[in-house]
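Heads up, the thing below is written out as structure tokens.
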Number of protein chains: 2
Amino acid sequence: MDDGHSLLQPALFRLKSGAQVRAGWMAHDLPFLTRSLRFLMRADSDMLRREMALEPGEIGIIGLLAENPGISQNDLAMSLVLKKSAVTKLVQGLEKRGLLDRQRSESDRRSNELTLTAAGREKARAVHLRVAELHRDWFAGIPPRDQAVFFSVLFRVVATMAERSGEAAAMDGGGSDD
Amino acid sequence: MDDGHSLLQPALFRLKSGAQVRAGWMAHDLPFLTRSLRFLMRADSDMLRREMALEPGEIGIIGLLAENPGISQNDLAMSLVLKKSAVTKLVQGLEKRGLLDRQRSESDRRSNELTLTAAGREKARAVHLRVAELHRDWFAGIPPRDQAVFFSVLFRVVATMAERSGEAAAMDGGGSDD
DNA sequence: TATTGTTATACTCTATAACTATA
DNA sequence: TATAGTTATAGAGTATAACAATA
């Protein structure tokens, strides 16, 4: 399970006080590491959103919409691991600000077909560029090859778990979300 | 920045409806991926905590305490990226249940020296084993070499950001946490 | 009867700040 | 004056559930 990399130099936190804290097996604890990461990224994420005039969650909507024009709110929610009630609020906010367009589907008039407006596409491009800058900062000093492996593994794990979660949710009478 | 791995087969979400959603650059968006991961892991994490009779956040306390007996609550908070007020509550709960011992330091009577009790050390071992099982499940199909790279990069990014965050916080008059 | 999307309410975790005690 | 820890209160992000419209 562990070979080479982080075992030779045991994983340490070096605190500002000078103290060194040994991470032990927590260095391989995914819930712990992802939670820490989320909090540590937050200052940068908040700054990015302020610059881009976006609310929490809107980047995901815009990012997927740029690649999947016409997608429904349900598919958006599944992909982003959001409740459909959360997607409703996010989509309404973005529509009000002219960044996306919402139309009833003609083939199934229950569902909405979402597309980015020209302003929305421009916003998506700008966000993408700034996000890439942040990542260059966060991953400074990490070899590009390792970065590629990292994201490949991370996405694969997320996508696999999302599929499993979707299957499990499909079993009961619609308790997947909300 | 991107070479090889996930670009040849474009990153896709395969939904239960059969729809395929292209992730685009979101496949490399760390805030998005870590947030998704946290939600997808939650069912398993909740089950683990119920089995172990632990509250959210207590695994991190126990895990670091097992490796760093005598650590202070402040150092614990810095390492776990928690507010010291949150650590106070977690530590109190664990002490009440006889899993850890809290003693005033003799060299600096403001600070507490925390150690696991025998029951606490046993709990740490049990949690470690179950966490490892969950990880085997989550990373099924990922080559061990890639897993090692993944965790090495993840921990390095977290530790580096935590150090920077600690430095920045040390600049102002004590606004690091709480 | 099942599904898409909407709305309103409740809850959990975290942030903030004021406080005590030691240094 | 600065730091370790405690406590209480307010806030953001989600969860839950009831609803309307369509299939």
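First the proteins, then the strands, lettered A, B, ... as listed; each starts at 1. Predicted, not measured: the structure shown is a model, and the values here were computed from it.
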Inset, instruction - Take Glu58(A) and Arg97(A) through the salt bridge (Lys or Arg N to Asp or Glu O under 4.0 Å) test and state the conclusion after the steps. - result: CA-CA 12 Å; Glu58(A) 293 183 340; Arg97(A) 281 177 286 151; 2.3 Å; yes

Legend entry - Touch class at under 4.0 angstrom, heavy-atom based, for Thr88(B) against every strand present: base

Inset, instruction - Select base, sugar-phosphate, or nothing to describe what Ser72(A) touches, counting heavy atoms under 4.0 Å on all strands. - result: sugar-phosphate

Inset, instruction - Check whether any side-chain nitrogen or oxygen of Gln92(B) sits under 4.0 Å from OP1 or OP2 of dG5(D), and answer yes or no. - result: no

Legend entry - Out of dG5(C), dA17(C), dA8(C), whichever nucleotide has its closest atom nearest the side chain of Ser85(B): dA17(C)

Legend entry - Lys NZ or Arg CZ of Arg35(B) over Phe39(B) ring: under 6.0 Å, within 45°: yes

Can you tell me the distance, in whole Å, between the [atom1] atom of [X] and the [atom2] atom of [N]?
| X | N | atom1 | atom2 | answer |
| --- | --- | --- | --- | --- |
| Leu114(A) | dG5(C) | CG | C1' | 11 Å |
| Gln103(A) | dG5(C) | CD | P | 14 Å |
| Arg102(A) | dG5(C) | CZ | C1' | 9 Å |
| Asn74(A) | dA23(D) | CG | P | 15 Å |
| Arg109(B) | dT3(D) | CZ | C1' | 15 Å |
| Arg110(A) | dT6(C) | CZ | P | 14 Å |
| Lys84(A) | dT14(D) | NZ | P | 18 Å |
| Glu113(A) | dT4(C) | CD | C1' | 13 Å |

Inset, instruction - Begin from the C-alpha positions of Arg49(A) and Glu55(A) and carry the test salt bridge (Lys or Arg N to Asp or Glu O under 4.0 Å) through to its verdict. - result: CA-CA 6 Å; Arg49(A) 283 201 305 271; Glu55(A) 298 296 315; over 6 Å; no

Legend entry - Validation row, ring centre Phe13(B) to ring centre Phe155(A) under 6.0 Å: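 Yes, they do, as the ring centres are separated by less than 6.0 Å.
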
Legend entry - Ring centroid separation Trp25(A) to His28(A) under 6.0 Å: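 Between His28(A) and Trp25(A), which both carry aromatic rings, the centre distance is not below 6.0 Å.
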
Inset, instruction - Step by step, work out the salt bridge (Lys or Arg N to Asp or Glu O under 4.0 Å) result for Lys16(B) and Asp75(A). - result: CA-CA 9 Å; Lys16(B) 63 177 180 185; Asp75(A) 286 354; over 6 Å; no

Legend entry - DNA chain D: 5'-proximal contact among Ser107(A) and Ser111(B) (nearest heavy atom): Ser111(B)

Inset, instruction - Please determine if Glu133(B) and Arg136(B) form a salt bridge, counting it only when a charged side-chain N lies under 4.0 Å from a carboxylate O. - result: no

Are any protein N/O atoms closer than 3.5 Å to N/O atoms in nucleotides 9-14 of chain C? If there are, list each pair with its distance.
from, atom 1, to, atom 2, distance (Å)
dT14(C), OP1, Arg35(A), NE, 3.2

